[in-house]
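Take a look at the structure set out below.
Note that the structure is predicted; figures quoted are calculated from it, not measured. Convention: sequence-line order gives letters A, B, ...; per-chain numbering from 1.
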Amino acid sequence: MFNLVPLVIALPIAGLLVNLALGKRLRGPQAGIVATLAAGLAFAVAVLLLIALQAEPEGAVVSLGNWITIGSFQVAWAFRVDTLSVTMMLVVTGVGTLIHAYSIGYMQGDARFARFFVYLNLFLAAMLLLVTADNFLLLFVGWEGVGLCSFLLIGFWFDKSGGEGWRNSNAARKAMIANRIGDAGLLLAMFALFWAFGSLNFADVFGTAEKSLAVGAPLATLITLLLLLGVTGKSAQIPLFVWLPDAMAGPTPASALIHAATMVTAGVYLIVRAAPLFTLAPFTQDVVAVVGTCTALLAASIAVGQFDIKRVLAYSTISQLGFMVAAVGLGAYTAGMFHLVTHAFFKALLFMAAGSVIHGVAHGAHTAKFDAQDMRHMGGLRGRMPVTFWTYLAGALALAGLPPLAGFFSKDEILTAAFEHRPVIYVLLTITAFLTAFYIARQAFLVFFGRGRSDAAHHAHDSGRIMLVPLIVLAALSVVGGALNLPGQHTLGGWLEHTTHEAEAGVFNATVAGISTVLALLGILLAYWRYGRQPAGERDPLQSALFTALNRRWWVDELYERLFIGPYNTLSRLIATFDKTAVDGAGLALGRATERVAEAVRRTQTGQLNWNVAGIVAGLAILLLIVAIGRGV
Amino acid sequence: MNTVIPVSLIVLPLVSSPLTYFAGRLLPRQTALARTISLLALLGAWLVFALVVRDYTAPVEFRLEGIVFRVDGLSLLFAALALALGTLAVIFSGPYMAGKTGEEKYYALLLALTGTMIGLACAADLFNLWVWFEAMVVASYLLVVFYREKSASLEAAVKYLVQSAVGSVLVVLGIALVLAQTGALDLDAIRAAGTSPLLLVAGVLFLIGFGVKIAIVPLHTWLPDAYSQSPSPVSAVLSGVVTKAGLIALLRALAALAGFTLSWSAALMLFGVLNIFTGNLLALRQRELKRLLAYSSMSQIGYILFGLGVGLYVGESSGLQGGLFHLLNHGLMKGLAFFCAGALLYAAGRINGNEHALKIDDLSGAARRYPLLALALTLALLSLGGVPPLAGFMSKWQIFVAGVGTGESLITLLVIVAALNSVLSLAYYLPVINVLFRETPSALIERGRTLPLAIIIPIIVLAAALLLVGLWPDALTWLTQPASAGLLAAFGG
Amino acid sequence: MTSLNIAIAGALVLLGVGLYGLLIMRNLIKIVIALQILGKGAILALVAAGAISGQTNLGQSVAVTLIVADTVVAVVGLALAVQVRRRFGSLDVNELSTLRG
């Protein structure tokens, strides 16, 4: 049954081919149905693989044959079925299918409806290639593929009027550049791996590394640091996180799928996959934990100061990714993966609920210039959009980490791991947890409670069934998802152990759980006190120097602008001048010289028969002469 | 293996050739019959080919009235290429050659050409090799001069004939030398007879004699005329397969001359780089599409020669495999490019001997009217220019890696020259692509008619093959690997 | 063996004359004749080679096949010459140089 694994990738490709071929002929939602069907079938295959794995938890590698053979260097089309990859497959295809279905409603009437689903399917295929690959090169193909889809989807509305299209494509470009910096790290890591181990196969690389390298070997540290650079790009960690908030320019379902549930978790997956290497590099592990923790805290604090409904969630995503990265940095791979799964449920849910809100408000809007994403224009939507509200609430409470919702258990495992190994990280992450509860409660109060603060908010109505059903499913998962790895049971831990060989089962720590629950409640209370009691006006009640700093995102973007982008632009202007005068001059001269030579050579093609025969005779004569000289005749 | 099967691989196309001709003469208005017979014959040959491949474990030798044949890896590789382009050319020619005088002769000749090339690939003695070579060349004369009432075609054919004939005579002289020295013509027997300086001279004669057909500089002057004046499907077969038949013959002949492998490898590498560079320079300022493609063939053959030379030099199969891989890829890429050129000529209604009339500027705006065609031609050109991840890149890459792998600084230098030339070649491929995607359509494109399915099918097949091989270079290893191993063994490596 | 030496010398002379003719002749008919002379030289060389190596039968049987092939080339060449005379009004191969560059 493991042999089914290529189907997981082939099905979305089949879906996108159908849509590419028939895109113009399909009417109404048909293109969306095709794409959703493809994603759903891929999910079914993933479930079959799950069943097969129950019998043989060690999994298998399915090879379709060699891809590249150059001398001794071989790369195969090989796919890995093990507990880790199947977990990722289930999340990607499962949440992916729901988001596909939701998109049918959300993108209804868009001029490039079919194109959108082509991109979504392409993304699924690339993401599944990434998680099933059995070697670094194939993984890199998927890694680049999801980056490309992210670029295409962020800039999907590149043609919107009034400068917005321009902003969208700028956001896409920013994401591309940040990702490319990270990709360079991954590429260099691959070169180093090949140079050191002569292979890019996971099994070969990890096996050789474990045998030949001591713990703390400089080579392992170098390679893992390069991998970490890749992770910071794709998973939006310090210092490359700035692209993710801008990426919200894309359609909301794309944000939910790519920039919350799946693609951005690829970095976490990569660390878990390469765990044998990271175990050999304690220094890198510390760096990973610190990067994750700082990202989590910084992003959570910024989320407190945002007014755009999607931006809050974007920074929340960065912050939660920071949690996962910190977890895997601490060596708590199961906790990281657990949080990855539950986060995929509740963050996809929150994004889609936000999308539903934006959809509803935008439809209620009557003025042309109206920002349907600004929370200051909302309020009181609880009554007007009840299904959206209740599902949103489930997601928000899961994110806040209230027991017994999914987020509570997964976040608690990370906190416990930190508490046991690195008290400082524990303290910082606990503060982050408090901020998390505060900003999500702030958003809930601003959007759903109080009275509507605009005409549009008064006329908003709930979305159609195709959008609400995925919300309900995800809400249910957000509520009960914690059952995956309950304290004492450790279903997921035992399951992943077959792949990660992580023996340590997280212990439930009542103190840690108690403190985080109390702090979460406190955060919610504080938010109620600030935002819940009276309708918030244009100015935020927290207006202060601190709030301005949060609202302006600690000026990180401006800092990057000053530090890198400005000097880079100056440098490129300088180089351009140099290029136009000196290099172009030389290049032109070389080009002209080549053309002149080419013209001269062209004249040797006279078209005269005698001349042509002379060519043959001359060739023969010269060769015979060489032979004669060589023989000393 | 039963010898009937490999024999019929050669005999089937050859016997069907006169059948096709007579069918065409008996029913002069029903050329569809002639076309069907030739297509069936080729499909039959494919079937036989599949059977041979299925049972193939080691080279099979058989005799036909005292003439020795041997089916080995190289024969299979070349037979596959000949059959592939032959079949596609027959399909393409359906609408392309419809209603031309002598249509039945055309199909008969195409079949004969395919059959003689397969025979050549299986020949195991020197004279047998020459006879197949000569038969192939005669069949190709008649195809080149198919538009015999057009002066340009005549001119091309005269040059092609005279230069090829001189080359053939040189080959015969080489055979005479070998015979005088060793008293044998069987390739194995010649090899067993040992080495002598006169055999080196014989090798030079082979190199120049077969080199005319391979279009080694400075023996190449017939090539641009013949390629650009033939009917486009014939151009595809000429540049995709016939040129390489000369190369196969050369390799077979040289392999028999024991003790000079290093000299041959040096000659192949040097001629390779010379061909790459000269071909690129000749193509750089070319304004006619088919002539540009012809010159680019010279430079692509240079890569093949270079790869083979590197492989022989170090006695490792990776360079040979790269060279043979590029040989197959070039067949696909150049076949596709010539088919595309032919499709445009067909669209313009200029298929009556004005084959040279397709200027690059005429392609302007083709992407709007013929998106599929423009995409296929773009693929072919990018692949020829060695842009990853297309097929042409993969094989060039393999050749370069093998070259650098020798560790010789001189060869590394040649690799650098070859790689830079790959960039230089983009200087004439990219402008063509640019023109394809221009906004304003040329007069030719604007008045162009729609393309029938039989013209589109070969284009789609080859474009898909290019993509497939690019994404999965190992897809052709089953052909290149035994061929290169066999070749290496033949050279005594 | 003097007869063998004469054969070799004859072959060389024929080859020389043929190549010389191809290099300087401008009339297409004459070029075809030069090709024939070249071919005969090659045939003579083959027969001589057979004699030298003691494989007279082999050399001769190959030579016979060669004569056939040579004739085919001559026929095609002369047929082309007829067409050239018709289209170009002349047999001068220098007129046949419209395709250049």
Side-chain angles (χ1 to χ4, degrees), chain A residues 13 17 21 63-78 129 137-138 141 144-145 587 590-633, chain B residues 155-156 158-160 162-163 165-167 170 173 197 200-201 203-205 207-209 211-212 216-225 260 263 267 271 277-286 291 295 316 318 321-322 389 394 397-398 401-402 405 424 427-428 471-475 477 481:
Chain A
I13 290 180
L17 286 180
S63 180
L64 288 187
N66 273 341
W67 176 24
I68 297 173
T69 317
I70 298 173
S72 63
F73 174 62
Q74 275 200 341
V75 177
W77 283 105
L129 183 64
L137 195 62
L138 215 49
V141 174
E144 288 292 310
L590 189 67
R592 280 207 201 99
T594 314
E595 288 202 342
R596 227 169 270 153
V597 175
E599 202 49 53
V601 174
R602 247 162 73 87
R603 282 203 207 103
T604 63
Q605 186 75 23
T606 57
Q608 302 270 355
L609 184 57
N610 301 129
W611 167 259
N612 291 2
V613 176
I616 301 179
V617 176
L620 181 64
I622 292 170
L623 276 192
L624 286 177
L625 204 65
I626 293 174
V627 169
I629 293 169
R631 290 272 147 188
V633 176
Chain B
E155 181 184 339
V158 166
K159 291 177 196 167
Y160 182 49
V162 174
Q163 289 183 254
V166 174
L170 295 181
L173 281 180
L200 189 63
V201 177
V204 168
L205 287 167
L207 190 61
I208 298 293
V212 171
I216 288 176
V217 176
L219 328 169
H220 64 277
T221 35
W222 61 272
L223 177 139
D225 302 354
F260 301 114
S263 312
F271 275 122
F277 195 45
T278 316
N280 276 343
L281 286 180
L282 283 167
L284 200 57
R285 310 263 296 176
Q286 195 46 251
R291 229 171 148 77
Y295 282 129
E316 269 181 31
S318 70
Q321 208 175 332
M394 290 299 172
W397 177 250
Q398 210 167 332
V401 168
L424 175 62
Y428 54 88
L471 290 176
W472 193 3
D474 273 5
T477 309
Q481 163 117 55

**Asked** Using non-hydrogen atoms only, which part of B:Tyr160 is less than 4.5 Å away from chain A: side chain, backbone, both, or neither?
**Response** neither

**Asked** Given a strict heavy-atom distance threshold of 4.5 Å, which part of A:Thr606 is in contact with chain B: side chain, backbone, both, or neither?
**Response** neither

**Prompt:** What distance do B:Lys159 atom NZ and A:Gln608 atom CD have between them, rounded to the nearest 0.5 Å?
**Reply:** 8.0 Å

**Request:** Taking the side chain as every heavy atom from C-beta outward, state whether A:Leu620 and B:Leu205 have any atom pair closer than 4.5 Å.
**Result:** yes

**Complete:** On a heavy-atom basis, the closest approach of B:Trp472 and A:Leu64 is CZ2-O, 3.5 Å

**Asked** Does any heavy atom of chain B fall under 4.5 Å from the side chain of A:Glu595, the backbone, both, or neither of them?
**Response** both

**Request:** Give the C-alpha distance, both sets of side-chain angles, the deciding distance and a yes or no for side chain to side chain contact (heavy atoms under 4.5 Å, CB included) between A:Val601 and B:Leu284.
**Result:** CA-CA 10 Å; A:Val601 174; B:Leu284 200 57; over 6 Å; no

**Asked** Taking atom CD of A:Gln605 and atom CD of B:Gln286, what is their separation to the nearest 0.5 Å?
**Response** 9.5 Å

**Interface moiety of B:Gln321 toward chain A, non-hydrogen atoms closer than 4.5 Å** = neither

**Prompt:** Going from CG on B:Leu223 to CG on A:Asn612, what distance comes out if it is rounded to the nearest 0.5 angstrom?
**Reply:** 11.5 Å

**Item:** Portion of B:Ile216 that has a non-hydrogen atom of chain A nearer than 4.5 angstrom
**Value:** neither

**Prompt:** Are any non-hydrogen side-chain atoms of A:Leu609 and B:Thr221 less than 4.5 angstrom apart?
**Reply:** no

**Asked** Would you say the side chain of B:Phe260 lies within less than 4.5 Å of the side chain of A:Val627, judging by non-hydrogen atoms?
**Response** no

**Request:** Supply the atom-to-atom distance A:Leu624 CG to B:Ile208 CD1, rounded to the nearest 0.5 angstrom.
**Result:** 8.0 Å

**Request:** Would you name the heavy atoms of A:Gly607 and B:Glu155 that are closest together and state the gap between them?
**Result:** O-OE2, 4.3 Å

**Nearest-0.5 Å distance, CG of residue B:Leu282 to CD of residue A:Glu599** = 10.5 Å

